[in-house]
Amino acid sequence: MTFKTLDDISELNGKIALVRVDLNVPVKDGEVTDITRIERVAPTIQELSRKGAKVVLMAHFGRPKGEAVASMSLKPIAQSVEEVLDARIHFAEDCIGEAAKAAIGKLHNGDILLLENTRFHKGEEANDAEFAKDLAANGDLYINDAFSAAHRAHASTEGIAKLLPSYAGRTMQAELTALNSALGDPKHPVGAVVGGAKVSTKIDLLENLVTKIDVLIIGGGMANTFQGALGADMGDSLQEPDMYDKAHAIMNAAKENDCRIVLPADGKVSAEFKAGAAYEVVPMTPATIIPKGKESLDAGDATIANVIAEFEKLNTLIWNGPFGAFEIPPFDGATVAIAKAAAEMTEDGRLVSVAGGGDTVSALNLAGAADSFSYISTAGGAFLEWMEGKPLPGVLALES
Ligand code: ADP
Ligand code: MG
């Protein structure tokens with residue numbers, strides 16, 4: 001995978017740099033509640049501005065379905081960008097045409113302008129060639145810093161890259177480099193922790209991983225389905241009996257590809273799914289019987305010890321999906337314990353650790369482990385599609 005970065009642009013001074021960023025931030029009552037995505041794109045914007053480019057930001061917000069919807073205007077987000085960057089952010093009422101042209105025409109070198117929501121035009125999600133041309137007409141070169149939008153072939157993520165000299169921004173560069181070190185060209189042995197609620201949402205991911213890694217450590221509700229497929233009676237545990245065949249298929253594919261599968265050795269079984277609920281630790285084997293009315297909500301100490309012993313053998317770890325119902329203590333136990341162990345090994349330089357997924361990121365934050373991981377992807381859907389081995393159109397379009 002090769003792509004150009006900001007280092008490959010010989011002259012930025014006075015150039016109009018069109019930058020695709022992800023400003024699809026959570027908003028409540030008109031206030032941005034999480035500025036992580038803005039912080040992530042700040043380095044690219046600041047570097048371009050410092051180097052004298054006229055920086056023109058393109059982004060989508062919400063799902064306006066091709067029409068101008070006032071509540072999905074990016075204008076209020078421009079204020080948050082101003083605060084994070086501590087710089088004036090100009091705004092254009094449309095991302096193409098006269099409004100965009102006039103606003104861009106007023107920029108001085110180093111100025112920053114945000115264009116209105118690209119999804120106010122139907123051509124954005126349709127990846128319409130004319131619309132991509134209109135976007136490209138705004139500037140001299142294109143920089144994509146929105147990995148999280150790269151799984152969509154839209155005009156501002158894919159179409160435009162074919163029309164202008166194109167580069168990866170710093171955040172895109174960091175994400176691609178981290179992901180490549182985890183799955184593209186990793187240092188073996190490579191292991192993955194895959195947990196979370198359901199097998200059905202992660203079939204493609206599991207099928208891809210077993211062909212590439214050395215050990216697959218399954219936990220969470222997902223592990224219940226595998227235990228059930230192997231013959232255990234999981235009682236009222238979260239599981240998907242209609243996925244038993246899939247679970248067997250994945251175990252067979254793993255065997256064919258020399259990928260070991262590690263399942264939890266024990267479970268925390270409780271009659272109640274609530275904070276502070278009483279539980280008993282039950283060994284997990286194909287002969288296990290969990291009575292009706294009880295469910296396995298987390299893994300126990302034997303599992304934690306096994307997983308940490310597996311981590312010790314690895315050079316690279318990929319993680320998606322919590323190892324139990326981590327939102328409700330004490331069922332956060334296994335997730336927190338193994339997250340801490342991975343964090344410590346990473347700090348010691350013994351492990352490259354890459355994690356992603358909405359609940360996974362929350363769980364690693366809860367464990368105080370996130371800052372120690374080599375890379376945490378906040379990309380959501382794009383991260384999962386990457387783990388599934390799917391080509392990401394926005395990344396492919398940057399390849400040189
Ligand atoms: P991510 O968002 O990181 O991809 P998922 O959405 O697949 O992760 O799964 C996270 C959810 O799985 C959490 O809400 C967690 O409570 C739930 N979960 C994990 N293990 C269990 C379990 N044993 N029983 C019930 N829910 C579980
Ligand atoms: Mg989730």
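Heavy atoms only: backbone and side chains are in, while hydrogens, waters and symmetry mates are out. First listed ligand is number 1; within each ligand, the first listed atom is number 1. What you see is a predicted model; the values in this text were computed from it and never measured.
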Do the charged groups of E207 and K246 touch, with an N to O distance under 4.0 Å?
-> yes
Does a salt bridge link K268 with D301, judged by any charged N lying under 4.0 Å from a carboxylate O?
-> no
Which of the numbered atoms in ligand 1 are below 4.0 angstrom from a heavy atom of G358?
-> 2 (O), 3 (O)
Please determine if E47 and R170 form a salt bridge, counting it only when a charged side-chain N lies under 4.0 Å from a carboxylate O.
-> yes
Answer yes when D22 and R37 have at least one side-chain N-carboxylate O distance shorter than 4.0 Å, and no when they do not.
-> yes
Does any N or O atom in P322 lie less than 3.5 angstrom from one in ligand 1, N or O only?
-> no
If you look at every heavy atom in N208 and W386, which pair is closest and at what distance?
-> ND2-O, 4.4 Å
Run the contact test for K198 against ligand 1 with a 4.0 Å cut-off on heavy atoms, strictly below, and give the result.
-> no
Which heavy atom in K15 sits nearest to a heavy atom in E11, and how many Å separate them?
-> NZ-O, 3.3 Å
Is K202 touching ligand 1 with its side chain, its backbone, both, or neither, if touching means heavy atoms under 4.0 Å apart?
-> side chain
Subset of ligand 1 atoms that lie under 4.0 Å from at least one heavy atom of A197 = 7 (O), 9 (O), 12 (O)
Side chain, backbone, both or neither: S296 near ligand 1, heavy atoms under 4.0 Å = backbone
Nearest heavy atom to atom 10 (C) of ligand 1: which of L205, D298, D359, T335 does it belong to?
-> D359
protein heavy-atom neighbour closest to atom 19 (C) of ligand 1 works out as G324 O, 3.1 Å
Do the charged groups of E310 and K313 touch, with an N to O distance under 4.0 Å?
-> yes
For ligand 1, which part of N320 has a heavy atom less than 4.0 Å away: the side chain, the backbone, both, or neither?
-> side chain
Select one of side chain, backbone, both or neither to describe which atoms of L238 lie under 4.0 Å from any atom of ligand 1, heavy atoms only.
-> side chain
The protein heavy atom nearest to atom 13 (C) of ligand 1 is E327 OE2, 3.2 Å
Of all N, O or S atoms in D359, identify the one at the shortest distance from the Mg ion (ligand 2).
-> OD2
Answer yes or no: is there a donor N or O on one side and an acceptor on the other, between the side chain of T285 and the main chain of A287, under 3.5 Å?
-> yes
Looking at G357, which atoms of ligand 1 are within less than 4.0 Å of one of its heavy atoms?
-> 3 (O)
List every atom of ligand 1 that sits less than 4.0 Å from any heavy atom of T360, numbering the atoms from 1 in the order shown and giving each element.
-> 1 (P), 3 (O)
Do NZ/NE/NH1/NH2 and the carboxylate oxygens of R119 and E67 come within less than 4.0 Å?
-> no
